[in-house]
Amino acid sequence: MPTTVVKKKRSFYGLVMILGAAFMLLFGYVIPPFGGITDLGMKMLGVLIGLIIITCFGGDLLGGSLLALLCTVFHGYYTPSGLFEYWLGSNATVQLIFCGAICLALRESGAMDVVAKKMLGSRLCKGRPLATLIVLFSATYVVGIFINGAPIYILFFTLLESIRDICGYDKKDPFIRFTLLGIYLGALGTFFFAWKAPQNITIALIETLMEPYGMHFSSGVWMFIQAFSLVGFNIIYAVMMKTVFKVNLQPLSNLDINKVESMKDVSNKFNRDQKIIIAIMLACVAYIMITTVLPSTIPYYDKITCFGSTWIWVLACMGCACVRRKGTRQSYLPMGKLLSNASTWGLIALVGALMMLGQVTSDESLGIRGWLINVLSPLFGNMNLFALMAVVVIFTTLVTNICNGLVLTMAVCPVITPFVCEMAATSGINPSVILTVVNCCANVAYLTVAGSVNAAYLLGREEITQKFIWTKGVIVLCAYMVFQYAVGMVFSYVL
């Protein structure tokens, strides 16, 4: 890279960090209070603005998040011990560390490769091109729940190349372009678990925002809406490929998964270790799902549900660490190594910073929440659910393609949560649904690399042209918005 370009990037990075730090440290001392915001509220508002600047414009994630946390002590909003307890003692932080370790163990075991091979080799797929395509997208979703980032795209893009060669597709055949996009959408399964990063960061923010209204965010609703929205749309998209875009699926009738190069070394069966790790994961998920709907009137309810959606992962890690392999002194899983590798301090710091953001914007004593409501009431205050859902879906889906989804939810959730909670109190809708819909829409970003780092894996493929993305890709995005709107409206009243 030319030296001048490097210098410009360094200068921009330095400017972002200095500007963010200036807002965090000085905003409340320079700008007088307005709109009912208190002196302390102004200082904390500066911390929020500074954090958003550093996060949005390429500043250091760990440094910016830690600075934001330290500023809450510097300005007197938290005591040192209070901040430590609120941050590292939070459910979101515990989930990030211990659930992350179990997911890492599952990923490293190779179990998800076996899952993909079993799904694509099932009888359902034999001689049924459309069913094969739907299973391919669904397999991507299921594997994506446990594997994210580069590995999921390497696995399934390589799998597609083998399918292309076996079925006799030309490299430039429309089938390849559309299927690459379908795999990309399927990989959004990574957002399924409510307690997995980065979504647990967003949920921690939403939970904090809902507390003043006496409401709690439902992790069960999150997982149901995530799965229904993405799996449902993948099925619709596969049908669209055949009926709307007239993609030739017939060659898929000849697919034999055992001839696929990337699957030749993958076993047809799970080994003992893989079965045990899958069982541990499913047991934790089942516990969380069951205790979510368990009636509080049953005997020993408090004992049964005491681990919640957080400490059940600690229990699982404890069991894996204590139980040793037969005839050895080794723990069944190397939990020390897994916990170390699964714990990303940049994310842990961001969890704390975003929880603080939620606390600050919902703390009535600071005046920020009242100011936001007064400013935005003319826009959202008189909206019914139909209009609010439409605005949320359209705005979030379009903006997330030019702005990072996590940053977007940081901005949108504090704005709409008060109106959603007030609407829920008067109309009986489930507030968790529309807030989950916001996050579903914020994840569907592929028009530009600015919307998601993962979009680079799709847009970097030579088969994916800008013409395809801005014509067929836009049509697919519009179809997604319509489907997501329908899902949000129906389940706001049903769940």
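Please read these numbers as outputs of a predicted model, since none were measured by experiment.
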Would you indicate whether the side-chain heavy atoms of [Y] and [X] approach each other to under 4.5 Å?
{"X": "T79", "Y": "V73", "answer": "no"}
{"X": "L67", "Y": "M17", "answer": "no"}
{"X": "K43", "Y": "F74", "answer": "no"}
{"X": "L435", "Y": "T417", "answer": "yes"}
{"X": "I145", "Y": "T190", "answer": "no"}
{"X": "I183", "Y": "L160", "answer": "yes"}
{"X": "M241", "Y": "T179", "answer": "yes"}
{"X": "I54", "Y": "L19", "answer": "no"}

Please lay out, stage by stage, how L185 and Y446 fare under the test side chain to side chain contact (heavy atoms under 4.5 Å, CB included).
CA-CA 9 Å; L185 293 173; Y446 57 81; 4.2 Å; yes
Just by modelled atom types, is the [Y] backbone N or O under 3.5 Å from a matching donor or acceptor in the [X] side chain?
{"X": "W311", "Y": "C306", "answer": "no"}
{"X": "S229", "Y": "Q226", "answer": "no"}
{"X": "Y485", "Y": "F386", "answer": "yes"}
{"X": "Y480", "Y": "L230", "answer": "no"}
{"X": "S492", "Y": "V433", "answer": "no"}
{"X": "R177", "Y": "I464", "answer": "no"}
{"X": "K472", "Y": "I469", "answer": "no"}

Pair N248, F175 - check side chain to side chain contact (heavy atoms under 4.5 Å, CB included), show working.
CA-CA 7 Å; N248 180 21; F175 169 81; over 6 Å; no
Non-hydrogen atoms of [X] and [Y] that approach each other most closely:
{"X": "A68", "Y": "L51", "result": "CB-CD1, 4.3 Å"}
{"X": "E207", "Y": "M215", "result": "OE2-O, 4.4 Å"}
{"X": "A442", "Y": "T396", "result": "N-CG2, 3.6 Å"}
{"X": "N439", "Y": "I206", "result": "ND2-CD1, 3.7 Å"}
{"X": "P33", "Y": "D39", "result": "CG-OD1, 2.9 Å"}
{"X": "V30", "Y": "P32", "result": "O-CD, 3.6 Å"}

Counting the benzene-type ring for Trp, do F468 and F178 have ring centres under 6.0 Å apart?
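Distance test on ring centres: under 6.0 Å, yes.
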Rounded to the nearest 0.5 Å, what's the gap from [atom1] on [X] to [atom2] on [Y]? Could you check?
{"X": "F34", "Y": "L45", "atom1": "CZ", "atom2": "CG", "result": "6.0 Å"}
{"X": "L48", "Y": "T72", "atom1": "CG", "atom2": "OG1", "result": "10.5 Å"}
{"X": "H75", "Y": "L70", "atom1": "NE2", "atom2": "CG", "result": "10.5 Å"}
{"X": "C71", "Y": "L25", "atom1": "SG", "atom2": "CG", "result": "4.5 Å"}
{"X": "Y300", "Y": "T305", "atom1": "OH", "atom2": "OG1", "result": "14.5 Å"}
{"X": "W313", "Y": "I102", "atom1": "CH2", "atom2": "CD1", "result": "7.0 Å"}

Evaluate the side chain to side chain contact (heavy atoms under 4.5 Å, CB included) criterion for residues V314 and F307: first the C-alpha distance (whole Å), next the side-chain angles of each, then the deciding distance (0.1 Å), finally the verdict.
CA-CA 9 Å; V314 179; F307 295 112; over 6 Å; no
Please state whether the rings of F491 and F228 are parallel, tilted or perpendicular, taking 30° and 60° as the class boundaries.
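F491 and F228: perpendicular rings.
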Go through the steps for C440 and F233 under the test side chain to side chain contact (heavy atoms under 4.5 Å, CB included), then give the verdict.
CA-CA 12 Å; C440 287; F233 185 71; over 6 Å; no
Considering residues, nucleotides and ligands other than F483, do more than 12 of their heavy atoms fall under 6.0 Å from its CZ?
yes
